[in-house]
Amino acid sequence: MRPTFLGFETAKRGLNVSQKGLDIVGHNMMNTSTEGYTRQRVDTYAIGASNYGTRYGNSRTQLAGQGVDMSGVSQVRDSFLDKRFREEYGDVGYYQTTSNIMADIEAALSEFNLNPDVDNPNGTGLKNALKEISSALGSFSSEGDSKTHARILRTTFQNISQLLQQMDQKLDNVAEQSKFDFEVSVEDANGILQKIASLNASIAKDMVATKASNGEYYGPNELLDERNKLLDQLAAYGDMKVEAQPDGTVKVDMNGHNVVDGEKYDMMNVNRNTNGTVSLTWQSSGKNVDLTTGSFKAYLDQINGRGVNAHLTNEVTTNGIRYYKDKLNAFANTLVQVANNIIPVTRVGANGKPEIVRGQYRTLLQANGTTTDAAGNTVPTTNVPVTAANISVSDEWMDSADYVVFEDGSMNSEYLNKLKVALSTDTHVFRATGEIGDGIYSGTFSDFVEDYVVGQAADKNFSDNRLSVTTQIAGDILDQRDEVSGVNQDEEIVNMLNYKKAYQAASRLMTTLDEALDILINSTGRVGL
């Protein structure tokens, strides 16, 4: 025969399951807006009849009808969507960082005024500075002995020299800011790795303690949510693979290198190298971190990017900050070569009039190099390679504005016009000191500037477009994941009504069983009742 109170146990379990179901529904609804929260559900199973080891006989029918029980509270999550989102989020991180740094480079070059106005119709870049020099040379050539025009011309050369110095300094500032941001990001990623390892330890302990009667393990859902949020954040830094382990922990690899395994984790270091580049290495081995996407790769590409001229250790072929510094250096180097080989040196001839000294030219521009002597004083140096950072008007021209004026004013117009043509329409070969053959450009000064500025704009436009596309794709995948894991108020209300009805049914069952038992105990065998 069946146990007397079997039905009460069935009703009690039904009440417990319904109560817990209502608890979880309320928990879900209260966390609808909680970032990273994953919808939870009560996993139930029907209790099967078993007469193994029982004293109530050997018929399974006698023990049938024991109702429902809970195995645990699980999360509704799709691991495949997690994987797809994290893969796409790495590309979002790469193009977001690339776009930000390229915007800073664009601001540093500041060449074209795309929206000219009355106060600034031509822009403030090198092309406008070249126009000012050309205009000054045109006015000066009509009055070749004018010291006023000589001062104006010197001022225009001072302006373009200072502009090159400012652009170079701005690019240095972009590089320094990018290095700082890189270091902060790596520190943040190291903190995430440490937290994931710590959560792995906590989750593994709870998984052992929460083994269900059916053999399944149910982890601490809130800790799982926290770990998943950290994994999503880590995905923006580089390509990664997450592998769930039987004990509830996760194993995390970044492009084949294991960074988290249980409670163990590896960390990364940013190294500022003597050649101006940066490198990212693993703390455990000292080897370079090799990534194919993510913001860390974007930092390395932009900070170390030197385009086709990459040849130093850690330099890459991306057109990054170092690439555009080379362009400014090539402009400065070529400008000095042209300006210093047009206006000849003169001397007093036998007839008392100025005559040209063949093969010698007046030095209009120079490298403003300095060093520190034994006494600690800053002194000028000679034979310093010309760069955008050190180009300046020559000492001779600074000492005397009419340094470019011939003694009797003769022939000035001829050579001033030659200088104007050389800076405006002549074709030159542009190469910075140390550049290799592939980095050479042939054209006018204006064409050279336009070539690298338009190229930079095209690179930034490509990066912005890829950012928009990858962000859209990642957003779509995130929406799909939220459809699975997010809380749906309508669905929860339906669940709440279902649990309410089940609770009422279990309560009615218990009341009915109580009434039946009362009749059995108090009324059986009494006549007339």
Side-chain angles (χ1 to χ4, degrees), residues 122 125-166 328 330-369 380-430 444-446 448-449:
N122 299 317
L126 292 175
K127 291 187 70 174
N128 185 60
L130 288 170
K131 291 179 180 178
E132 292 178 349
I133 291 176
S134 180
S135 176
L137 285 169
S139 300
F140 192 10
S141 63
S142 63
E143 298 182 50
D145 58 350
S146 172
K147 294 184 178 181
T148 299
H149 284 297
R151 292 189 183 93
I152 293 174
L153 180 62
R154 183 180 65 179
T155 299
T156 61
F157 274 89
Q158 283 179 298
N159 289 343
I160 200 169
S161 299
Q162 292 172 1
L163 181 58
L164 284 165
Q165 293 173 19
Q166 291 170 1
L328 294 181
F331 184 96
N333 188 57
T334 307
L335 180 64
V336 170
Q337 292 178 15
V338 171
N340 291 351
N341 288 278
I342 297 292
I343 301 179
V345 172
T346 59
R347 63 187 174 192
V348 178
N351 58 1
K353 294 183 178 181
E355 65 179 17
I356 294 175
V357 179
R358 300 297 178 185
Q360 296 185 30
Y361 302 92
R362 304 192 186 201
T363 302
L364 305 186
L365 298 171
Q366 67 181 26
N368 185 22
T381 57
T382 58
N383 299 323
V384 177
V386 176
T387 66
N390 64 27
I391 186 173
S392 65
V393 174
S394 67
D395 294 335
E396 295 85 352
W397 200 2
M398 289 302 299
D399 290 340
S400 175
D402 57 357
Y403 172 68
V404 295
V405 179
F406 289 168
E407 286 75 0
D408 62 353
S410 64
M411 298 181 292
N412 259 25
S413 296
E414 176 185 353
Y415 291 103
L416 291 173
N417 280 327
K418 284 184 178 181
L419 181 57
K420 179 180 178 181
V421 170
L423 295 178
S424 301
T425 60
D426 282 355
T427 296
H428 307 283
V429 175
F430 292 83
T444 68
F445 279 93
S446 181
F448 175 69
V449 173

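- Contact annotation: the side chain of T148 approaches that of I152 to within less than 4.5 Å [non-hydrogen atoms, C-beta and beyond].
- Judged by distance alone, the side chains of S394 and R362 never bring a donor and an acceptor atom under 3.5 Å apart.
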Inset, instruction - For side chain to side chain contact (heavy atoms under 4.5 Å, CB included), just list the numbers for V338 and F445, CA-CA rounded to whole Å, side-chain angles, deciding distance to a tenth of an Å, and then say yes or no. - result: CA-CA 11 Å; V338 171; F445 279 93; 4.0 Å; yes
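- No side-chain heavy atom of T387 sits under 4.5 Å from any side-chain heavy atom of N333.
- Side chain of N340 to main chain of L364: a donor-acceptor pair is present (N/O by atom type, distance under 3.5 Å, no hydrogens or angles).
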Legend entry - Chi angles and distances behind the side chain to side chain contact (heavy atoms under 4.5 Å, CB included) call for V404, W397: CA-CA 7 Å; V404 295; W397 200 2; 3.8 Å; yes
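- In this structure, T363 and Y403 have side chains that are in contact, with non-hydrogen atoms separated by less than 4.5 Å.
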Inset, instruction - Assess whether side chain to side chain contact (heavy atoms under 4.5 Å, CB included) is satisfied between L416 and I342, documenting all intermediate values. - result: CA-CA 8 Å; L416 291 173; I342 297 292; over 6 Å; no
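- A heavy-atom distance below 4.5 Å is not found between the side chains of Q337 and H428.
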Legend entry - Evaluation steps, side chain to side chain contact (heavy atoms under 4.5 Å, CB included), between I356 and Y415: CA-CA 12 Å; I356 294 175; Y415 291 103; 2.9 Å; yes
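- F140 has its side chain within reach of V405: a pair of non-hydrogen atoms, C-beta onward, lies under 4.5 Å apart.
- Residues I133 and L419 are not in side-chain contact: their nearest non-hydrogen atoms beyond the backbone lie 4.5 Å or more apart.
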